[in-house]
Amino acid sequence: MRSTHRRRPFTGAAISVLALLGAGLPATAASADAEQDDKQPDLTRFYQQKIKWSKCEGMEMPKDLRCGKVTVPLDYARPETGTLDLAMARYRATGDSRGSLLLNFGGPGGPGVPELAYGGEEFMDLTNGYDLVSFDPRGVGRSSPVSCGDGTDKALEATDNGEDANNPQAALEQLRRAAAACKKHSGPVLPYIGTLNASRDLDVMRAALGDKKLNYLGFSYGTRLGAVYAAQFPKKVGRMVLDGVDTLTEPLTEQGLVGAEGQQTALDDYLDACTEELTCPFGQDARSAREQVVELVDSLDEYPVPADFGQDFTGQDLVGAISHALYSEQMWPALTQALNMLVHDGDTRGVMALAGGGFAPPTGSHRAAPTRPHEPPDPTASGTPSPDGGLVDAEEIPLDNLPAALMAVNCADDPDRPTAKQITDDLENLRAAYEEASPVFGRYRLAQVLMCYGRPAGTDFIREEVRDVDTPKMLLVGTRGDPATPYRWTVETAKRLGSSAVVLDNKGKGHTGYGSSKCVHDKVDDFLLFGSLPDDGSSCGADD
């Protein structure tokens with residue numbers, strides 16, 4: 001990505017809002033912390049399972065890709081109460097295999113199976129030493145996908161500066177309705193989503209693949225997952241690379257502002273490049289193009305246009321689509337084409353395709369409920385378990401799965417919850433802070449933060465316990481111009497992880513370095529394939 005993360009100083013109002021919202025309600029014990037208990041549940045049947053691989057079905061999957069599933073407990077503290085199936089995919093090693101390399105492409109909320117299927121080409125060198133494996137985490141993709149129905153729209157209404165802007169009680173009511181909608185449409189898996197449980201799932205996968213150690217390559221959110229695994233299972237860590245390193249300490253309010261700023265910078269860079277081309281839907285003047293994007297978002301919020309499944313396509317839907325497309329410069333041509341379809345023809349199919357997520361309407365019955373021993377499916381549940389034990393068909397994944405899972409995981413990982421009084425007293429200042437960070441992405445990112453209101457407090461394990469890990473050396477890659485995970489997060493996380501962390505400084509731009517920098521690509525491959533680590537603090541120059 002052609003962007004450099006330039007942080008603007010926060011106003012006094014923004015800082016005070018962050019301080020208030022950062023002092024949330026006390027954390028409660030999360031179910032995923034059960035492994036800290038003296039009395040350990042018996043997980044033998046999960047760790048002794050073997051994965052059955054078969055040809056992948058649907059959507060013209062690559063011929064040499066194989067698909068399978070692994071079964072994990074819904075609740076690790078009470079494994080007898082139910083199970084989940086997690087979708088997995090694998091490319092076999094072409095050379096001498098030293099086991100499996102698990103890939104997480106980020107999110108949270110990003111499904112790994114389609115990413116490996118359709119974007120796995122750049123990782124093929126790693127098949128010289130590994131079976132390449134990815135997966136859909138719990139609540140994501142085909143693995144009991146969560147949904148908020150119209151909950152996201154309700155949360156966005158709470159961030160609106162319209163006629164109810166001076167009625168914070170109305171905003172609180174919208175947020176309560178949003179939390180209720182997510183609970184209604186997500187089924188039993190929602191309370192058990194979060195990185196602590198995803199990390200435990202990762203260890204079950206490791207064992208089911210027959211590996212004594214976990215070899216792992218994680219991007220963006222996948223770095224948080226890798227860091228948590230290193231803290232939970234330090235003796236099981238093999239060769240681990242974390243690229244585009246996430247924060248382990250900053251509250252969601254700060255993360256949201258950082259994200260809004262970074263995405264605005266990335267959008268500005270995209271528009272600078274777009275307006276140099278005759279095909280740009282906003283003309284050839286960059287300043288005018290920035291104004292037109294804001295006007296387009298506002299217009300669609302006021303006058304949504306019909307989209308697939310009979311739903312309306314709003315300005316905030318457009319913001320979500322643009323935000324996904326900005327993470328990689330390789331997506332810029334597709335973004336330009338999709339925006340042309342929208343601006344000139346009113347055709348939303350292009351931008352909806354860029355948004356990721358699933359295929360089914362988010363308000364439909366699309367849920368595969370967790371299986372429960374000796375208990376028939378609940379006919380009133382949202383969806384019906386599939387015959388193979390829990391995976392849903394790709395066509396049943398709700399359209400809002402990615403943002404719904406993102407919010408569910410982030411809320412589960414964060415112990416801070418603002419009180420109703422904090423929100424009502426400071427909502428106006430909070431809106432102003434996010435609007436200042438980005439006139440395009442501010443409201444969208446604020447809604448993601450506020451959607452934690454009304455949910456149980458998340459775990460404090462990540463913030464308090466993921467530090468000074470006793471593992472083999474691991475490689476952390478930070479990119480100076482990363483619009484989503486600023487370089488300082490790499491430095492801060494490396495310091496927390498301790499002497500095991502080795503930092504590679506990528507002087508380039510874009511979100512993560514492996515796919516954009518040949519230097520980073522080669523150093524990561526050398527470590528994963530041959531165990532050759534660069535010196536801590538070494539760097540890669542910016543690629544043209």
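Numbers here simply count residues along the sequence, with the first being 1.
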Close side-chain approach of [X] to [Y], heavy-atom, < 4.5 Å:
X      : Y      : answer
Met205 : Val133 : no
Tyr221 : Pro108 : yes
Asp243 : Leu504 : no
Leu202 : Leu214 : yes
Pro73  : Thr83  : no
Leu196 : Ile462 : yes
Arg445 : Glu261 : no
Leu318 : Leu339 : yes

TODO: For the pair Tyr229 and Arg200, evaluate side-chain contact (heavy atoms from CB on, under 4.5 Å) and give the outcome as yes or no after the intermediate values.
DONE: CA-CA 8 Å; Tyr229 184 90; Arg200 303 195 71 175; over 6 Å; no
Under the rule for side chain to side chain donor-acceptor pair (under 3.5 Å), what residues qualify as partners of [X], not counting sequence neighbours?
X      : result
Ser199 : Gln232
Asp131 : Arg92
Tyr514 : His521, Asp525

Ion pair present between [X] and [Y], side-chain N to carboxylate O less than 4.0 angstrom?
X      : Y      : answer
Lys507 : Asp505 : yes
Asp526 : Lys523 : no
Asp413 : Arg224 : yes

Using a 3.5 Å distance criterion without hydrogens, assess whether the side chain of [X] forms a donor-acceptor pair with backbone atoms of [Y].
X      : Y      : answer
Arg206 : Asp211 : yes
Thr493 : Thr490 : no
Ser186 : Cys182 : yes
Thr471 : Pro234 : no
Ser220 : Gly222 : no
Thr195 : Ala198 : no
Tyr76  : Asp201 : yes
Arg480 : Tyr487 : no
Lys213 : Lys235 : yes
Ser100 : Leu102 : no

TODO: Could you walk me through whether Leu132 and Arg90 pass side-chain contact (heavy atoms from CB on, under 4.5 Å), step by step?
DONE: CA-CA 5 Å; Leu132 294 186; Arg90 179 183 72 175; over 6 Å; no
If you compare all heavy atoms of [X] against all heavy atoms of [Y], which two are closest, and at what distance to 0.1 Å?
X      : Y      : result
Pro304 : Asp312 : CB-CB, 3.5 Å
Gly112 : Asp136 : N-OD1, 3.0 Å
Gln264 : Ser438 : OE1-OG, 2.6 Å
Pro472 : Ser500 : O-CB, 3.8 Å
Gly244 : Thr512 : CA-CG2, 4.1 Å
Leu528 : Tyr216 : CD2-O, 4.3 Å

Task: Verdict with reasoning, Tyr130 to Phe123, per ring-ring contact (aromatic ring centres under 6.0 Å, His included) - done: CA-CA 10 Å; Tyr130 295 98; Phe123 302 96; over 10 Å; no
So does [X] have more than 12 non-hydrogen atoms from other groups sitting under 6.0 Å from [atom1]?
X      : atom1 : result
Glu122 : CD    : yes
Asp96  : CG    : no
Gln49  : CD    : yes

Measuring from [X]:[atom1] to [Y]:[atom2], what's the distance to the nearest 0.5 Å?
X      : Y      : atom1 : atom2 : answer
Leu296 : Ile322 : CG    : CD1   : 7.0 Å
Ser134 : Leu101 : OG    : CG    : 10.0 Å
Ser144 : Leu391 : OG    : CG    : 7.5 Å
Asp482 : Asn506 : CG    : CG    : 9.0 Å
Glu277 : Thr336 : CD    : OG1   : 8.0 Å
Thr348 : Asp317 : OG1   : CG    : 9.0 Å

Verify the distance criterion only: is there a donor paired with an acceptor across the side chains of [X] and [Y] at less than 3.5 Å?
X      : Y      : answer
Asp203 : Tyr47  : yes
Thr479 : His511 : no
Asp246 : Thr223 : no
Thr81  : Asp75  : no

Task: side-chain contact (heavy atoms from CB on, under 4.5 Å) between Phe527 and Val502, intermediate numbers included - done: CA-CA 11 Å; Phe527 172 55; Val502 173; over 6 Å; no
- [ ] For the pair Phe219 and Phe105, name the ring-plane relationship: parallel under 30°, tilted 30 to 60°, perpendicular over 60°.
- [x] parallel
- [ ] Run the numbers on Cys452 and Leu252 for side-chain contact (heavy atoms from CB on, under 4.5 Å), then give the verdict.
- [x] CA-CA 9 Å; Cys452 290; Leu252 287 178; 3.5 Å; yes
